Structure formats: C-alpha cells, structure tokens
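Report on the following structure.
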Amino acid sequence: MDMIALGVSSSISVYKACEVIRRFQDKNCQVQVIMTRNASQLISPLLLSALSGREVIVNPFEEKQSQRIAHVSLAKEASLLLVAPATANILGKFASGVADDFLSTFYTTVECPVLIAPAMNEAMYCHRQTQQNIRKLKGLGVKFVEPEIGYLACKDTGWGRLASPDKIVEEGLMIIKKSESLKDKTILVTAGPTREFLDPVRFLTNRSSGKMGYELAEEALRRGAEVVLVSGPTNLFPPSRAELKQVQTAEEMKKEVLKHFPKADIVIMSAAVSDFMFAKAVSNKVKKEKLGENIKIAPTPDILVELGRKKGSKVLVGFAAETEDVVNNALKKLKKKGLDLVVANNVQAEGIGFESDFNQVSIVFPGGKSIQTDKMTKIEISQIILDKVEEIVGKKS
Ligand code: CTP
C-alpha cells in the first residue's frame, strides 16, 4: 500500500484536501496529512485526522516522543510528497530551502517524488517571484499540477484556482507508478572524467564534472532501480542508495564496468572516458628536461565498443560529445558501438554541458530519428533520457 504524505497549506481551497484524501483512499493509498500552522487555523486538523485515520502533523516541537520517531520514518515510507493546496509562501520556502516548520523541513528530507498543486490569487501566481520559484523547483525535479482559470476566493476570476482533486490524484498516481517503473532493473551508470597518469603528479583528463551521470543515477534510483555508479574523480556528493565504485583511469573504469555488466539490464555510459593514455606511466616524477621523451600517447580501450559486442538483450546507451554535425556524428557512434540510443551534445555551446547544471541534447535513435530537448537542468534531461530508455525496455520485453 502506497503512503502519500499530503502537505496542506493555508489557501482558501484547503477544504479540497478532504476530497484529495478520499480519492487516494479509494485507490488503496494511505494518507498522512502534514498541515502548516496557518492551514490549521482555516480548517481543523481533527477533521483531516478523522478522514485520513492518522493524527495530522502540524508542529513537530509539540509532539510526543513516539510521534516524533514515527515522523522520522515517514520520509522513508512515503511514495509521494504532495502539497495541495500550495501557497506562494510554501513554494518560496521549498525553492529556497527554508526549513522552519514540519512541512518545509520534511521537504528537505524526502527522497520520494514531490508533486505540488498551487492555489492562490492570480496576481500572486503570475508574480515573477512566484514564477521564478516554480521554475527553480521544476529544475530540481519537482512536478506541478498547474492551477486552473476560474472563480477565485477574492472574487476575481483568473489563474490560480486549485486543480480539481480528480486531476491532482490522477497526476499523483501516475508519478507513483513511474517511481516503480524501473523496479527489478539494475542500471549501470558511468560518470565523470578519467585520469590517465604520466607519473605520480601529472595526468591527462577532460572537463567532465560528472553531473549528468550522477543525475541519471539519482533518477534511476527514484524509479526504483538498483544502481551501480562507476565514477571517475568528481567533486559531487554521490547518491546514497547507489553502489558507488570510484575509479581513476579508463583501464580501471573498464575493469569495474565489465565486473558489473553481467547483472545489468541497462548500461548508460555517460562518462567522458579519455581516448588517450600515456604509453609509459612511470612511478617517479619525470624531470622536466625529460618530459618530451616521455610524452608518448597510446589509445585507451573503448569500453562501449566492447560492451556493444557482448550486449545481448541489454539496453546500451552512449553519450556523444561533439563540436560539429552533432546528430550525424552521434549516429555514426551509435552504429559503431551497437547502441540502442545515443545522447549527443554540442560541447562548444555556451552555458550548457561540461561543468554546467544545464544541458541541451539531441537523443538519437538507431533509425536516425532524433529529438532535441530545450535547454534544461540535467535533472530534467535525465528524466527524458530514462523515459526513452523505458520505452526501449518495454519494446524489448
Ligand atoms: N567511450 C568509451 N570508452 C572510450 C571512449 C569513449 O566507452 N575509451 C564512450 C563514452 O562513455 C561515450 C561514448 O563512448 O558514451 C562516446 O564518447 P565520445 O568521447 O563522444 O566519442 P569517442 O568514441 O571517444 O570518439 P571521438 O572522441 O573521436 O568523438
């Protein structure tokens, strides 16, 4: 049975939360209501407790010890955090990481998907600050049920009316379904650059930050997959539920990838594997007068080509870093490496790709068909890539 954490903030449409609770219960979900203090002035927590069959959480500091412990486990139990209705205030808190009551604190602790149904006056909804907060949250992977045009409590007609409980619950259920969509699948993701050493001090590397691969690993975990993340050196905080294997060189990455390949259903090679290494790596620091004679390069193993040969029914996804004729070059890589899909980006474009939180990619399929995304956060790009991967998995099974 899925557990919905239902955040309720102080919009006039707060009474519709009752309907939302009922509809989720009809779909065999449990609902734990979390109210903001202001919401609890508009409607009695007792009413929502009676409907949900669980004591409503308002202020953690007023709770009994036993409840407090139960609430800690709620973050682990919840399949979805839904905030309906969500005021401009709670959007602002979520967007800026303010955690000064239970609901906003809870948001900073959950790993489950988050869905927000805003409800407010049209001027507040359309205000640039509110819209900026919404964009920011969308960029962080939060989903929204947009409000509707209609009669508002302030006697205006306009944008800002809470979406219907039916629509909110339908969206929520779809998200929960998606969060199980990769259950029972093992995904092997590679990320980051590699380092090819000349001596203990100097190495050859590239500009990859690893962000794209780490977001793919996070999103795969959110969808219920087992994730093995083979990562070159990065400054990123690894997803806690992934099996992390840290490597430095292309050779080490190849070894680790081949070790985990047999159990993987899907492999996503987003690492920027160095194409070259030093022909001779030495254990002592090379003196500068002798640097010239030591700098001889040799190719590294192409990991994907090797995986392509052994792939069987596995889904294989590659990346293509290009500076010209992006889609055609990516298609050539797809064919050469036996891929099911290649994600290509123009690494010369400003403000996206290497080191950035944003990207804009072309997703290229075996027949040569491709789709181009807008410039988006790497979180959003990872969602699109995994949607496409799931379609391929569906066709193969
Ligand atoms: N790749 C790999 N092993 C390598 C080099 C690349 O597995 N030694 C993988 C990358 O992880 C990526 C894909 O191959 O998924 C394409 O990498 P890219 O650097 O764009 O292309 P290359 O094949 O290296 O070709 P080129 O550098 O000539 O564009």
Side-chain angles (χ1 to χ4, degrees), residues 187-197 203-217 220 227-234 245-261 264 266-279 281 297-311 314-349 352-355 359-366 370 378 381-382 385-386 388-389 392:
I187 305 200
L188 174 58
V189 181
T190 66
T194 61
R195 286 178 177 173
E196 310 304 327
F197 287 88
F203 54 80
L204 193 64
T205 190
N206 58 61
R207 289 175 56 204
S208 169
S209 62
K211 283 180 185 165
M212 192 68 247
Y214 276 55
E215 293 305 351
L216 281 161
V227 176
V228 181
L229 175 61
V230 179
S231 175
T234 72
K245 301 288 166 192
Q246 287 173 304
V247 297
Q248 300 245 16
T249 65
E251 273 294 349
E252 286 169 16
M253 185 169 277
K254 178 181 156 191
K255 215 168 124 202
E256 223 30 83
V257 165
L258 289 179
K259 190 165 136 195
H260 296 279
F261 186 65
I266 300 159
V267 182
I268 307 182
M269 281 289 301
S270 71
V273 186
S274 172
D275 290 324
F276 302 103
M277 58 186 183
F278 292 100
I297 53 172
T300 54
D302 194 312
I303 306 170
L304 252 186
V305 167
E306 190 157 345
L307 299 186
R309 285 194 209 109
K310 331 180 160 196
K311 74 182 249 200
K314 297 180 198 296
V315 174
L316 213 53
V317 177
F319 272 67
E322 305 294 344
T323 52
E324 56 188 348
D325 204 4
V326 175
V327 172
N328 278 334
N329 279 330
L331 188 59
K332 281 184 199 151
K333 280 179 193 170
L334 180 147
K335 287 181 179 153
K336 182 178 157 205
K337 304 191 185 202
L339 308 177
D340 294 283
L341 191 137
V342 64
V343 182
N345 62 329
N346 185 340
V347 286
Q348 258 177 350
I352 57 167
F354 286 138
E355 294 146 5
N359 212 347
Q360 179 169 24
V361 301
S362 297
I363 300 180
V364 185
F365 301 91
S370 68
K378 288 182 175 173
I381 301 272
S382 70
I385 294 171
L386 285 180
K388 296 294 163 205
V389 167
I392 298 170

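The analysis underlying the following values was restricted to heavy atoms, covering all of them including side chains, and did not include hydrogens, waters or symmetry mates. Note that ligands are numbered from 1 as they come in the structure, with each ligand's atoms numbered from 1 the same way. This one's a predicted model, so the numbers in the text were calculated from it and none came from an experiment. In this chain, numbering begins with 1 at the start of the sequence shown.
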For this session: Within a distance under 4.0 Å of any heavy atom of Thr300, pick out the atoms of ligand 1 and give their elements.
Result: 8 (N)
Problem set entry | Nitrogen or oxygen atoms of Met269 and ligand 1 under 3.5 Å apart | yes
For this session: Measure the distances from the heavy atoms of Lys337 to every atom of ligand 1 and state whether one is below 4.0 angstrom.
Result: yes
Seminar exercise, completed: OG1 (Thr194) and CG (Asp275) are apart, to the nearest 0.5 Å, by 8.5 Å
For this session: Report the nearest protein non-hydrogen atom to atom 7 (O) of ligand 1: residue, atom name, distance rounded to 0.1 Å.
Result: Leu304 N, 2.9 Å
For this session: Taking all heavy atoms of Ala250 and all of Ser274, pick out the closest pair and write down the distance.
Result: CB-O, 4.4 Å
Problem set entry | Basic-acidic side-chain contact under 4.0 Å: Lys259, Glu256 | yes
Problem set entry | Residues Lys310, Glu306: salt bridge by 4.0 Å N-O rule | yes
Exercise. Among protein heavy atoms, which sits nearest to atom 18 (P) of ligand 1, and what does the distance come to when rounded to 0.1 Å?
Worked result: Lys333 NZ, 3.5 Å
Exercise. Looking only at distance, does Ala320 have an N or O less than 3.5 Å from an N or O of ligand 1?
Worked result: no
For this session: Considering heavy atoms of the protein only, find what lies nearest to atom 2 (C) of ligand 1 and give residue, atom and distance to 0.1 Å.
Result: Asp302 OD1, 3.4 Å
Seminar exercise, completed: min-distance protein heavy atom vs atom 8 (N) of ligand 1 -> Pro301 O, 2.9 Å
Seminar exercise, completed: Note: ligand 1 atoms sitting under 4.0 Å from heavy atoms of Gly318 are 15 (O)
Exercise. Which residue holds the protein heavy atom closest to atom 10 (C) of ligand 1, what is that atom called, and what is the gap in Å?
Worked result: Ala271 O, 3.5 Å
Exercise. Looking only at heavy atoms of Ala250, does any of them come nearer than 4.0 Å to an atom of ligand 1?
Worked result: no
Seminar exercise, completed: Heavy-atom nearest pair, Leu316 first then Leu307, reads CD2-C, 3.8 Å
For this session: Report the nearest protein non-hydrogen atom to atom 27 (O) of ligand 1: residue, atom name, distance rounded to 0.1 Å.
Result: Asp275 OD2, 2.9 Å
Problem set entry | Contact check, Ala272 vs ligand 1, heavy-atom distance below 4.0 Å | no
Problem set entry | Backbone or side-chain N or O of Ile303 under 3.5 Å from ligand 1 N or O | yes
Problem set entry | Protein residue, atom and distance nearest to atom 13 (C) of ligand 1, heavy-atom basis | Phe319 O, 3.0 Å
Problem set entry | Sub-3.5 Å N/O-N/O distance, Thr190 and ligand 1 | no
Exercise. Can you name the closest pair of heavy atoms from Phe197 and Ala281 and give their distance?
Worked result: O-CB, 3.5 Å
Exercise. Where is the tightest heavy-atom contact between Leu188 and Val257, given as atom of each residue plus distance?
Worked result: CD2-O, 3.7 Å
